[in-house]
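Let me begin by presenting the structure, written as structure tokens, before commenting on it.
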Amino acid sequence: MSGDSGQFDRRSFLKSAGSATVVATAASSLSGCLGGDSGNGSTLRYGRSAHSKTLDPQNTTSGEVSKVTNQIYDGLIDFEPGEAAITKSLATDWSMDGKDVTLELREDAQFDDGTDFTADDFIATYRRFVDEEYEYYVEESSVYGPFTLGNWIDSVSADGDYTLNITLTDPYAPFLRNLAMFAAVVLPKDGIENDFDFTADANGTGPFQLDELDDSNGRILLTPNDNYWGDGPNVDELLFLERGQNSTRTQALVEGELDIIDNLGPDNIGTVEESDAAEIQSGQGINVGYMSMNQSRMEAFRDPKVRKAISYAIDTESIVNEVYSGIAEQADQPCPPALFGHNDDLSPYAYDPEEAQSLLDETEYSDGFSFDLTTFQNARGYNPAPLPTAETIRTNLAEIGIDVTIDERQFSDYLTYTSEGKHDASLAGWYTDNADPDNFYYVLLHPQVESPDGQDWVDWGTEGFNTSNRSAWANQDYMELVEEAQQTSDEDERTTLYHEAAQIAREEAPWVFIDYADEIRGVRNNVNNYTISAIGGPHLHLVDLE
């Protein structure tokens, strides 16, 4: 455990990291909280660009969902606020020896319904996520099931109520970090086996509990979990509010309707900076923004020369410096600079329309072709201006005869559409789940199935295909390097393997690498003890209000 912590401390990231469903009636003070009175010292109001489509951590890939579920549920392991080091949570001690993992569990944790947490709750949670033979297995679970737990765990057993013994299928270096992912939080066995509706209700061991889910108004109200084993919460209520437009969300912060906002657009940062009531807090992100090219759907994208031509044709330097106003840097590989798997010897594709046209002329697409570019409507941390980004790409590619139609969608619809592989190309991005290079290299560009001989892409409908690989890319050399890195415990050896994988990814260009973005938040002056977390959290139970 200590070695893991030291690995990341020296990198010094994160200076600050239609129909309504009403589950319960809001506290009587709620209406007053929405009136713009920042003097309410007990309600922390968090403004975001999109509402949560579900409250089930095992049925989502959305960071908007995890912002809420991380307040309600605990994992066995957590991340230190504002750091990438892992720390105790429901597990108080652990060891990993080859394929054998042992975890000692907390004996004073209860779910918010008063039920004691035990080892059996984790076993039921694990089986619900990945075990098709379990009666309560969720068939509509997210892609996190396989790469978080399912691909690695051979067996799990309890030794009494508070000791877990896990045997892995193979040595797997990032496993303990996977246990800190939002998707690995622990659900109650009793709820799993008694038809508890985890999509619209919640029952966790975390600092907050669900009080009201109001889908029609984009509001989720949480109140303190009286059974919480840890410190906090320090507020009486935590209210998540959807304010989709960046300008609306920013104005709400300045005027006192909201206390913390995220996903700011570049045009809105100045508004906050000019305010006497709020400030911008920022930190180094662990994320990547990119344009995926879906080789399963578009034959043109199966030619590496076409993909490289597109990479040369898109002016990512302009996107980062002008569209994003410099709150990000150009990307050149899957893994961001904050992690040891980033290859510093690589550089971004230069904006070179002549080279792009020359490469395209060497293919059967010298006269150009057309594709749809799917994007989301509102800003995300890794893409603070999605529509202007798409428009820049459309303009750039028109110069080499490629016609782009922009397909703009609500974020939840965008996630569903692209996870089903219906996109030709899509603007996409990723925040780290576990602060390990594997979470980029394996999760985003390994198909997790075999590809046919001589073919470096896979059909989207292949059983077991990793739909987080939005490009459907399947380069055998890349896959072997990433798999070897997973089974290597020595950091220097892993670094070498990932550097080689990064070089292949840059050369083969399954994505247009766009940016690594800073984490940006707008925070009211009355907010204390808020720390930006590039991974995990946000740890809102530690926040208090003046």
Side-chain angles (χ1 to χ4, degrees), residues 49 244-247 263-270 285 287-294 298 300-301 305-334 336 347-360 365 368-411 414 417-418 423-430 470-471 506 509-518 520:
S49 59
Q245 297 300 317
N246 297 343
S247 57
N263 292 336
L264 279 78
D267 295 339
N268 308 115
I269 292 175
N287 57 61
V288 62
Y290 56 94
M291 185 183 88
S292 70
M293 291 175 272
N294 186 355
M298 290 286 296
F301 294 153
K305 289 184 178 178
V306 171
R307 302 196 299 266
K308 291 185 70 171
I310 289 174
S311 296
Y312 276 115
I314 295 175
D315 189 354
T316 58
E317 183 176 13
S318 174
I319 290 173
V320 167
N321 292 331
E322 297 178 22
V323 179
Y324 299 171
S325 299
I327 60 173
E329 61 178 292
Q330 280 179 278
D332 48 28
Q333 58 193 287
S347 58
Y349 276 85
Y351 174 54
D352 191 340
E354 292 185 1
E355 177 66 16
Q357 188 64 65
S358 177
L359 281 167
L360 203 61
Y365 301 98
F369 60 98
S370 302
F371 69 85
D372 290 347
L373 173 57
T374 301
T375 184
F376 35 88
Q377 291 183 336
N378 298 316
R380 307 290 303 160
Y382 44 72
N383 186 336
L387 183 57
T389 302
E391 291 170 338
T392 300
I393 290 171
R394 179 174 60 188
T395 299
N396 288 159
L397 293 185
E399 296 180 31
I400 59 170
I402 297 178
D403 181 42
V404 174
T405 299
I406 297 173
D407 173 27
E408 189 183 23
R409 295 172 178 269
Q410 290 281 351
F411 187 62
Y414 155 88
Y417 187 80
T418 56
H423 59 289
D424 297 339
S426 68
L427 291 183
W430 191 255
R470 296 290 205 260
S471 295
R506 186 196 179 279
W511 299 345
V512 174
F513 300 99
I514 297 178
D515 74 299
Y516 311 119
D518 293 338
I520 307 288

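Keep in mind it's a predicted model, so treat the numbers as computed, not measured. Start at 1 with the first residue, then count along the sequence.
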Practice problem: Show the numbers, then the answer: is there a side-chain contact (heavy atoms from CB on, under 4.5 Å) between Arg380 and Ser49? | Solution: CA-CA 8 Å; Arg380 307 290 303 160; Ser49 59; 4.0 Å; yes
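- Closest heavy-atom contact between Pro353 and Glu399: CG-OE1, 3.8 Å.
- In this structure a side-chain-to-backbone donor-acceptor pair under 3.5 Å is missing from Asp407 to Thr374.
- Of the inter-residue distances, the one linking Tyr351 atom OH with Ser311 atom OG reads 14.0 Å to the nearest 0.5 angstrom.
- Taking the side chain as every heavy atom from C-beta outward, Ile327 and Pro384 approach each other to under 4.5 Å.
- Taking CD1 from Ile319 and CD from Gln330, the interatomic distance works out to 9.0 Å, rounded to the nearest 0.5 Å.
- A donor-acceptor pair is defined here as one N or O able to donate and one able to accept, closer than 3.5 Å; no such pair exists between the side chain of Tyr312 and the backbone of Glu354.
- Within a 6.0 Å radius of CD in Glu408, more than 12 heavy atoms belonging to other residues, nucleotides or ligands are found.
- Counting heavy atoms from C-beta outward, Asp267 and Asn246 have side chains that stay 4.5 Å or more apart.
- With contacts defined as side-chain heavy-atom distances shorter than 4.5 Å, the pair Thr389/Thr375 does not qualify.
- Looking at heavy atoms from C-beta onward, Tyr349 lies out of side-chain contact with Ile314 at the 4.5 angstrom threshold.
- Defined by atom type and a distance below 3.5 Å, a donor-acceptor pair is missing between the side-chain atoms of Ser471 and Ser292.
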Practice problem: Walk me through it: do Phe301 and Ile310 pass the test side-chain contact (heavy atoms from CB on, under 4.5 Å)? | Solution: CA-CA 10 Å; Phe301 294 153; Ile310 289 174; 3.7 Å; yes
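- Smallest separation of non-hydrogen atoms from Asn378 and Phe376: O-CD1, 3.2 Å.
- Here the CZ-CG distance, from Phe369 to Asp403, works out to 10.5 Å after rounding to the nearest 0.5 Å.
- Rounded to the nearest 0.5 Å, atoms CD (Glu355) and CD (Gln357) are 11.0 Å apart.
- Shown here for Asn396 and Ala313, the closest heavy-atom pair between the two residues is CB-O, 3.2 Å.
- In plain terms, the two heavy atoms of Ala328 and Asp515 that are nearest each other are CB-OD2, 3.6 Å.
- In this structure, Asp424 CG and Thr418 OG1 are separated by 12.5 Å, a value rounded to the nearest 0.5 Å.
- Side-chain contact check for Met293 versus Val512: some heavy-atom pair is nearer than 4.5 Å.
- You'll find the side chain of Trp511 reaches within 4.5 Å of the side chain of Pro334, heavy atoms only.
- Between the Asn287 side chain and the Tyr516 main chain, no donor and acceptor come within less than 3.5 Å of each other.
- Residues Phe513 and Tyr290 place their aromatic rings such that the two centres sit no closer than 6.0 Å.
- Taking all atoms of both residues into account, the shortest heavy-atom contact from Asn294 to His423 is ND2-O, 2.8 Å.
- Between Val323 and Ala385 the shortest heavy-atom distance is CG1-CB, 3.7 Å.
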Exercise. Any chance you could lay out the side-chain contact (heavy atoms from CB on, under 4.5 Å) test for Phe411 and Asn263, step after step, and finish with the verdict?
Key: CA-CA 13 Å; Phe411 187 62; Asn263 292 336; over 6 Å; no
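- Annotation for Glu317: atom CD does not count as buried by contact number, only 12 or fewer foreign heavy atoms lying within 6.0 Å.
- Between Leu397 atom CG and Met291 atom CE the span is 6.0 Å, to the nearest 0.5 Å.
- Side-chain atoms of Asn383 never come within 3.5 Å of backbone atoms of Gly289 as a donor-acceptor pair (strictly under, hydrogens ignored).
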